[in-house]
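Working notes, structure below.
Just so we're clear, the structure is a prediction, and the values are computed from it rather than from any experiment. Letters A, B, ... mirror the listed sequences (proteins, then strands); counts begin at 1. Reckoned from all heavy atoms, side chains included, excluding hydrogens, waters and symmetry mates.
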Amino acid sequence: MFRGALWLLAGRGCVGRGLSTRSGGSTPDWTEKVSEIKKKIQSALPGGAWDPLYDTSHLPPEHSDVVIVGGGVLGLSVAYWLKRLEKPRGAIRVLVVDRDHTYSRASTGLSVGGIRQQFSLPENIQLSLFSVDFLRNINEYLAVVDDPPLDVQFNPSGYLLLASEKGAAIMENNVKVQRPDMAALPSVITMVSQEQESATDRSPSLTRDIRQEGAKVCLMSPEQLQNKFPWINTDGVALASYGFSTSSSRMQTSGGKEMTLKRIHEVHVKMDHSLEYQPVECALVINAAGAWSGQVAELAGIGKGPPGTLEGTKLPVEPRKRYVYFWHCPEGPGLETPFMADTSGAYFRREGLGHNYLGGCSPTEEEEPDPGNLEVDHDFFQDKVWPHLAHRVPAFQSLKVRSAWAGYYDYNTFDQNGVVGPHPLVVNMYFATGFSGHGLQQAPAVGRAVAEMVLKGQFQTIDLSSLLFSRFYLGEKVEERNII
Amino acid sequence: MAAPRASLHLVAPKWNLGTSGIRGLSSAVTPEGNQRKGRMLLQFLTDRFYDVEAIRQYLFQKQVSKVHKENRSSTGIKKQYGPYIAGAYFVLKQGGAVKFQGEEWIRSKHGYSPLQLLSFQAVPIEAVDASDCAINYEGLDNLLALKELQSLLLQRCPHVDDWCLSRLHQLANSLQELSLAGCPRISERGLACLHHLQNLRRLDISDLPAVSNPGLTQILVEEMLPRCEVLGAEWAQGLKSGPEQQSQDTASPIPA
């Protein structure tokens with residue numbers, strides 16, 4: 001009877017929250033009619049939809065403050081941080097639009113899922129550091145009362161990057177950027193140096209210089225690598241980096257020519273498999289469409305103009321297909337396997353308890369596969385990935401590929417780093433895309449940065465002003481040397 | 001895959017059931033039934049009223065921040081008295097026990113003040129028993145400064161998870177005994193980080209509900225730490241019994 005009283009109250013007050021039709025043995029079409037009548041009554045009552053004539057509850061709303069194009073991890077991260085950082089509560093209406101609710105081709109679900117702080121750009125390191133913190137404390141951010149605690153199934157085994165003689169100097173420089181204060185982590189250094197006593201030191205240096213950013217990384221020589229992971233073949237490796245995780249309104253050109261600034265007024269959201277569309281009037285549009293961000297930017301008119309000018313600068317993000325292979329190797333490395341990236345660009349990680357491994361390799365520019373479909377090329381594994389894996393880990397000479405899939409990188413053809421922030425001409429379009437394979441690991445931090453840009457007008461926690469759109473026009477490449 | 005996780009209740013959270021272990025196990029059916037009815041009522045109210053949901057969310061956030069407050073690092077004490085006193089104070093405040101080198105176990109329910117520990121200023125700590133304490137990733141800072149720690153007992157700690165295990169490599173030189181029995185949030189991925197602890201001689205990984213296959217995990221951990229004695233599950237645990245369900249493919253190759 002308590003439930004009955006509440007149901008009556010709920011029927012009038014809280015529209016659409018936990019309601020269920022009472023069906024007690026009546027014929028099906030009668031209950032359908034009852035539910036239709038109930039819907040009509042609800043739409044006529046205060047709090048219901050404004051269209052009493054036909055039901056538009058399946059369409060997006062007509063007005064929204066922010067429309068986020070793209071519902072992958074970056075889009076959802078921006079949405080989360082916008083709602084979390086808004087003042088007062090409920091101030092901003094956010095609409096996230098994605099064209100595929102099953103996420104069958106979204107890069108988020110198809111990603112291999114490695115997180116590392118071994119980047120060369122300080123901004124990238126900071127982004128990864130915060131994202132690792134976010135994942136570690138994810139229950140504080142995303143937990144809901146009465147639901148089980150979230151389990152990200154994170155594997156804190158670390159990330160091992162190998163460098164040949166050529167890359168060793170770059171890697172050492174990178175580590176200088178990654179770890180500022182060796183006094184902060186004395187125990188890691190002592191662990192490394194104890195093994196050093198018994199090894200002949202051929203590697204460039206284990207002299208710890210100033211490391212600026214605070215990531216937990218240690219450099220290892222090939223001998224230490226062999227001691228630690230006996231299943232690696234250290235032929236050709238000069239250095240290894242082992243990281244524990246465990247992160248305008250009026251503008252004039254220099255010639256005095258006036259630029260026209262544009263605004264996006266409406267986003268037309270077309271429903272799946274139908275001709276219906278809803279024009280959503282919005283104040284801001286955030287482009288987080290991943291591999292298809294270039295197309296979305298073209299819809300907004302970015303890049304339509306004479307080449308070489310700011311109007312003519314396109315968003316240089318295009319989809320690039322990458323393959324991931326899943327294999328089984330009973331003699332393979334044990335439970336302590338880190339996420340390993342070889343000197344040749346091949347990478348792999350362990351999955352689960354059953355000696356299964358996932359991995360792949362990024363093809364060179366000449367061998368780029370056609371991104372038109374997500375078909376997997378198994379010959380690529382035979383010719384390009386397996387030889388490198390077998391050379392580095394001799395146990396992988398006998399393995400059996402169980403399955404494979406392909407996914408898209410939102411590849412930034414300009415400098416392979418993300419684009420964040422507003423467009424100089426289309427004043428209400430913000431970008432959060434182009435991360436070329438490290439979007440998943442930087443998503444929480446990028447979401448927060450974009451939300452700060454939207455709500456406060458500037459980057460507050462991590463300064464990403466070097467990743468703005470204007471660098472494409474100015475030709476300033478922000479290069480990351482550790483792209484997998 | 002993993003064992004079913006408890007819900008984030010505000011009414012008698014399951015994580016803390018371990019501390020009142022004896023009471024929890026012997027609770028009669030009627031109090032348990034009343035508790036379930038109360039929980040269902042709360043859930044029903046939360047689904048229907050924004051106010052109830054907001055209050056519950058607020059109380060939950062308060063619980064989380066309480067754990068954070070308990071795990072603050074006491075840098076003042078560390079600077080003044082040294083890392084050993086600071087570590088001992090932290091553990092005793094949480095309700096654990098500490099053993100200095102050459103002394104007996106010190107355990108205090110209401111926490112020791114640092115003055116009483118001053119007599120042990122330069123004495124390193126060799127064993128810490130932090131069982132049933134609300135120690136988490138940040139609180140582990142205090143323990144990682146104890147460079148001569150030989151034995152660490154983290155049984156039934158509700159907030160020790162895989163991330164915490166990935167930090168234990170800093171104690172690799174001295175740690176010889178580690179016990180993780182009954183921690184609800186440790187999975188096999190966290191156990192993979194223990195391969196840094198090459199001096200470990202005794203490891204207890206029994207009764208970990210979040211580990212998907214205890215027998216197989218035991219075998220893999222034994223392979224990973226060859227000089228360590230691993231207590232925990234029997235290797236046959238997790239294998240399906242019965243002739244119609246042969247499960248040879250789940251067993252990994254016998255370690256050489």
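- The two residues A:Ser157 and B:Ala192 have their closest heavy-atom pair at OG-CB, 3.9 Å.
- Between B:His195 and A:Phe229, the ring planes lie tilted relative to each other; the angle falls in the 30° to 60° range.
- For B:Gln198, no part lies under 4.5 angstrom from a heavy atom of chain A.
- B:Ser65 contributes atom OG, which lies 8.5 Å from atom CD of A:Glu140 (distance to the nearest 0.5 angstrom).
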| message | Using the rule given for side-chain hydrogen bond (donor to acceptor under 3.5 Å, both in side chains), can you reason through B:His196 versus A:Glu336, listing the C-alpha separation, both sets of side-chain angles and the distance that settles it, and then say yes or no? | response | CA-CA 9 Å; B:His196 294 284; A:Glu336 72 274 6; over 6 Å; no
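- In this structure, CD on B:Glu188 lies 8.5 Å from CG on A:Asn155, to the nearest 0.5 angstrom.
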Next on the checklist: Determine whether B:Glu138 and A:Arg136 satisfy the following criterion, salt bridge (charged side-chain N to carboxylate O under 4.0 Å, His left out), listing intermediate values before the conclusion.
Outcome noted: CA-CA 11 Å; B:Glu138 277 91 30; A:Arg136 194 180 66 234; 3.4 Å; yes
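- When side chains are defined from C-beta on, B:Ser212 counts as touching A:Leu353, because their heavy atoms get closer than 4.5 Å.
- Atom NE2 of B:His68 is separated from atom CG of A:Asn137 by 5.5 Å, given to the nearest 0.5 angstrom.
- Counting only heavy atoms from C-beta outward, the side chains of B:Leu220 and A:His355 approach each other to under 4.5 Å.
- Crowding of B:Arg72 atom CZ: a count of heavy atoms from other residues, nucleotides or ligands under 6.0 Å not exceeding 12.
- Taking 4.5 Å as the limit, some side-chain heavy atom of A:Leu135 sits within range of a side-chain heavy atom of B:Trp163.
- You'll find the side chain of A:Pro156 reaches within 4.5 Å of the side chain of B:Arg189, heavy atoms only.
- Residue B:Leu225 holds its CG atom at 9.5 Å from CG of A:Leu335, rounded to the nearest 0.5 Å.
- Using a 4.5 Å heavy-atom threshold, the side chains of B:Thr46 and A:Val145 count as separate.
- Atom CZ in A:Phe154 sits 11.0 Å away from atom OG in B:Ser187 (nearest 0.5 Å).
- No more than 12 heavy atoms of other residues, nucleotides or ligands lie within 6.0 Å of OH in B:Tyr58, so this atom counts as exposed by the packing criterion.
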